[in-house]
*Asks:* 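The structure is given below, and queries will be raised subsequently.
None of these values were measured; they are calculated from a predicted model. The residues of the chain are indexed from 1 along the displayed sequence.
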Amino acid sequence: MPSRYYAFAIAVAVFIGSLVLEFVFRAPWVTWPLIAISGFLSLVGFIDVTQTRQAIRRNYPILSHFRFFFEYIRPEIRQYFIESDNESSPFSRAARSLVYQRAKKESDKRPFGTQLDVYEPGYEWINHSVSPAAPSTPDFRLTIGETSKQPYSASVFNVSAMSFGALSANAIRALNQGAKMGGFAHDTGEGSISRYHREMGGDLIWELGSGYFGCRTADGKFDPVRFAEQAQDPQVKMVELKLSQGAKPGHGGVLPGPKVTAEIAEARGVPVGVDCVSPAKHSVFSNPVELLEFIAKMRELSGGKPAGMKLAIGHPWEFFAIAKAMVKTGLTPDFIVVDGSEGGTGAAPVEFTDHVGVPLREGLMLVHNTLVGIGVRDRVKLGASGKIVSAFDIAKTLAMGADWCNSARGFMFALGCIQAQSCHTGTCPTGVTTQDPLRQRALVVPSKAERVHEFHKSTLHALSELLAAAGLTHPDQLRPEHIIRRISSTEVTSLATLYKFLKPGSLLQEASGHQVFEYYWKRARAESFALAP
């Protein structure tokens with residue numbers, strides 16, 4: 001008999017022997033628990049060798065279940081016992097620990113020097129000044145929509161888009177209460193404004209996706225009357241049209257009918273128990289000019305609040321077409337949020353998370369350069385999101401051209417997320433991404449809201465100290481020359497020399513000197529997203 005069948009054979013032998021000893025010899029040392037255990041294992045082994053779905057169970061009866069068990073707990077084993085502090089997949093233990101410490105008001109200091117290899121290509125730092133500035137009050141803000149009727153004074157660090165339905169009710173409550181306590185904004189995600197967003201009164205950025213949730217007609221079209229009713233709520237500070245997201249750019253979504261609860265249906269304006277479809281493309285526009293006209297319409301319907309768009313960059317000529325439409329029509333969004341492909345709060349096919357969309361650095365640089373090149377950068381504020389959790393993450397992103405940063409998973413960690421990566425299963429162990437009432441009950445709103453607030457406050461305090469060390473007093477003074485990157489073991493360079501930055505108005509003269517623009521700018525058209533022949 002092959003050794004792989006030994007466990008099954010032993011279980012059967014013990015079961016038969018126990019029965020003989022019990023019923024024939026009445027042996028006092030044989031107990032019913034032994035019979036029950038060996039009998040159960042024998043049954044499992046019999047089922048394993050007779051089933052036809054899994055070859056490993058047929059070849060390794062009983063023993064194969066250990067393999068399935070260890071595979072099931074592999075992420076936890078790896079996270080707690082194997083991974084290094086700086087292994088980022090997707091967030092390193094060091095990054096998570098930093099968020100936990102700041103959220104809990106614990107010390108975030110570290111002894112004995114850096115654990116990073118400062119001579120490894122890709123290592124980055126901010127240069128300090130021999131004449132440091134005094135740390136300024138870390139309530140760093142910027143004005144978005146300066147020419148609109150209701151401009152918004154926003155923090156430079158805000159909660160990125162995460163919908164109710166993807167997050168639990170208690171998670172939404174805690175994020176919004178934390179945002180109110182800290183005076184920063186909470187993006188609703190495309191799932192619209194739920195009752196839980198409204199309970200705490202924190203500032204909201206209402207994100208409108210292709211499903212037009214919260215302002216849709218019965219057949220899924222945009223309803224301007226319903227949009228105006230929602231957008232003019234004083235709690236809504238800005239309105240944002242989502243073209244795509246970094247977690248799954250260019251991919252729609254379906255929330256299956258059984259998951260469309262009464263609460264989700266109420267927020268989204270869809271029937272209970274019916275599949276909730278978020279198409280891959282919008283129906284309110286079909287070309288760049290119509291896109292800008294719709295954003296202007298959003299601004300008007302909201303009562304003059306800042307209106308903008310969020311997108312993950314894909315084909316560069318499509319954004320160039322939007323830019324040419326800005327030049328042609330004179331219409332500009334008040335803001336653009338660039339979402340990097342490293343975004344990940346939404347579950348998506350592996351090919352999309354791994355191989356679709358432009359990462360944040362390159363996407364942000366393309367948008368920033370384009371707006372500078374057509375001379376409208378001063379009219380359009382830029383937000384950025386994609387694995388941003390620390391003060392240095394913020395500083396680096398602002399130095400590359402952003403005006404503010406958003407974070408999704410950073411604030412999830414502040415809520416208690418342990419990166420179990422079970423967000424899409426409904427079995428989130430900390431109650432952050434589940435609709436199970438019992439599981440989300442473990443997330444206590446007042447204490448988690450305080451942690452959200454503390455994480456935001458401590459991160460901006462760390463940012464103020466970074467800026468002071470560099471001789472700066474406000475994040476808007478950050479420039480690419482402040483950030484240095486190692487490109488080999490013997491070479492370093494600043495972002496100012498590593499990346500090409502366009503001169504104001506250079507694209508209007510079609511003199512960019514930048515390869516991507518040289519290839520595609522002339523062939524981009526304001527009237528179409530398609531590339532001209």
*Asks:* Is it true that Phe411 and Phe455 have ring centroids separated by less than 6.0 Å?
*Replies:* yes
*Asks:* Do Arg439 and Thr434 get their side chains close enough for a donor-acceptor pair, meaning under 3.5 Å?
*Replies:*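 No, no side-chain donor-acceptor pair sits under 3.5 Å.
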*Asks:* Is it true that Ser458 and His461 share a donor-acceptor pair across their side chains at a distance under 3.5 Å?
*Replies:* no
*Asks:* Under a 3.5 Å distance rule, please check whether Ser244 uses its side chain to pair with a backbone N or O of Ala312 as donor and acceptor.
*Replies:* yes
*Asks:* For Leu371 versus Ile336, what's the shortest heavy-atom pair and its separation?
*Replies:* CD1-CD1, 4.2 Å
*Asks:* Give a yes or no on whether the backbone of Gly202 and the side-chain of Gln235 come within a donor-acceptor separation of less than 3.5 Å.
*Replies:* yes
*Asks:* Just grab all the side chain to side chain donor-acceptor pair (under 3.5 Å) pairs involving residues 314-325, residues at least two apart or on different chains.
*Replies:*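 Of all non-adjacent pairs touching residues 314-325, none passes side chain to side chain donor-acceptor pair (under 3.5 Å).
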*Asks:* Give the ring-plane orientation class for His368 versus Phe501, where under 30° counts as parallel, over 60° as perpendicular and anything between as tilted.
*Replies:*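 Ring orientation of His368 relative to Phe501: perpendicular.
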*Asks:* For this output row, return yes or no: ring centroids of Tyr212 and Phe227 closer than 6.0 angstrom.
*Replies:* no
*Asks:* Any idea which heavy atoms bring Leu415 and Ala171 closest together, and the distance?
*Replies:*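 In terms of heavy atoms, the two residues are closest at CD1-CB, 3.9 Å.
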*Asks:* When you measure from the side chain of Glu146 to the backbone of Arg379, do you find a donor-acceptor pair of N or O atoms at a distance under 3.5 Å?
*Replies:* no
*Asks:* Flag yes if more than 12 heavy atoms outside His474 fall under 6.0 Å of its NE2 atom; otherwise flag no.
*Replies:*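 Atom NE2 in His474 is crowded, with more than 12 foreign heavy atoms closer than 6.0 Å.
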*Asks:* Donor-acceptor check, side chain of Ser136 to backbone of Thr473, threshold 3.5 angstrom: yes or no?
*Replies:*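 Such a contact is found between Ser136 side chain and Thr473 backbone.
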*Asks:* Testing the basics here: between Leu360 and Gly386, what is the closest heavy-atom pair and its distance to 0.1 Å?
*Replies:* CD2-O, 4.0 Å
*Asks:* State, to 0.1 Å, how close Arg486 and Val118 come at their nearest heavy-atom pair, and which atoms those are.
*Replies:* NE-O, 2.8 Å
*Asks:* Do side-chain atoms of Gln150 reach the backbone of Gly303 as a donor and acceptor pair under 3.5 angstrom?
*Replies:* yes
*Asks:* Can a donor-acceptor pair be found, under 3.5 Å and without considering hydrogens, that links the side chain of Ser494 to the backbone of Ile484?
*Replies:*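 Judged by distance alone, no pair lies under 3.5 Å.
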*Asks:* Evaluate Lys457 against Glu454 for salt bridge (Lys or Arg N to Asp or Glu O under 4.0 Å), listing each step before the verdict.
*Replies:* CA-CA 5 Å; Lys457 183 172 73 173; Glu454 286 297 331; 3.4 Å; yes
*Asks:* Are Lys305 and Tyr152 in a cation-pi setup, meaning NZ or CZ lies under 6.0 angstrom from the ring centre and within 45 degrees of the ring axis?
*Replies:* no
*Asks:* Start with the C-alpha distance between Phe91 and Phe413, add both sets of side-chain angles, then the distance that settles ring-ring contact (aromatic ring centres under 6.0 Å, His included), and finish with yes or no.
*Replies:* CA-CA 10 Å; Phe91 279 85; Phe413 292 142; 5.3 Å; yes
*Asks:* Quick check: does any side chain N or O of Ser407 sit under 3.5 Å from a backbone N or O of Ile388, one acting as donor and the other as acceptor?
*Replies:* yes
*Asks:* In terms of ring plane angle, is the pair Phe320 and Phe517 parallel, tilted or perpendicular, where the classes change at 30° and 60°?
*Replies:* parallel
*Asks:* Do Ser385 and Asp339 have side-chain atoms, one donor and one acceptor, less than 3.5 Å apart?
*Replies:* yes
*Asks:* Does one side chain, of Ser278 or Glu190, offer a donor that lies under 3.5 Å from an acceptor on the other?
*Replies:*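 There is such a pair between these side chains.
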*Asks:* Which heavy atom of Val452 sits nearest to which heavy atom of Gly178, and what is that distance?
*Replies:* CG1-CA, 4.0 Å
*Asks:* Between Ser163 and Ala166, is there a donor-acceptor pair closer than 3.5 Å when you use the side chain of the first and the backbone of the second?
*Replies:* no
*Asks:* Is it the case that Asn176 and His197 place a side-chain donor and acceptor less than 3.5 Å from each other?
*Replies:* no
*Asks:* Nearest heavy-atom pair of Ser155 and Arg141: which atoms, and what distance?
*Replies:*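 It is N-NH2, 3.6 Å.
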*Asks:* Does the side chain of Lys242 come under 3.5 Å of the side chain of Gln245 through a donor N or O and an acceptor N or O?
*Replies:*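 Yes, Gln245 and Lys242 have a side-chain donor paired with an acceptor closer than 3.5 Å.
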*Asks:* Roughly how far, to the nearest 0.5 Å, is the CG atom of Asn406 from the NZ atom of Lys310?
*Replies:* 8.5 Å
*Asks:* Would you check if the distance from the ring center of His453 to the ring center of Phe184 is below 6.0 Å?
*Replies:* no
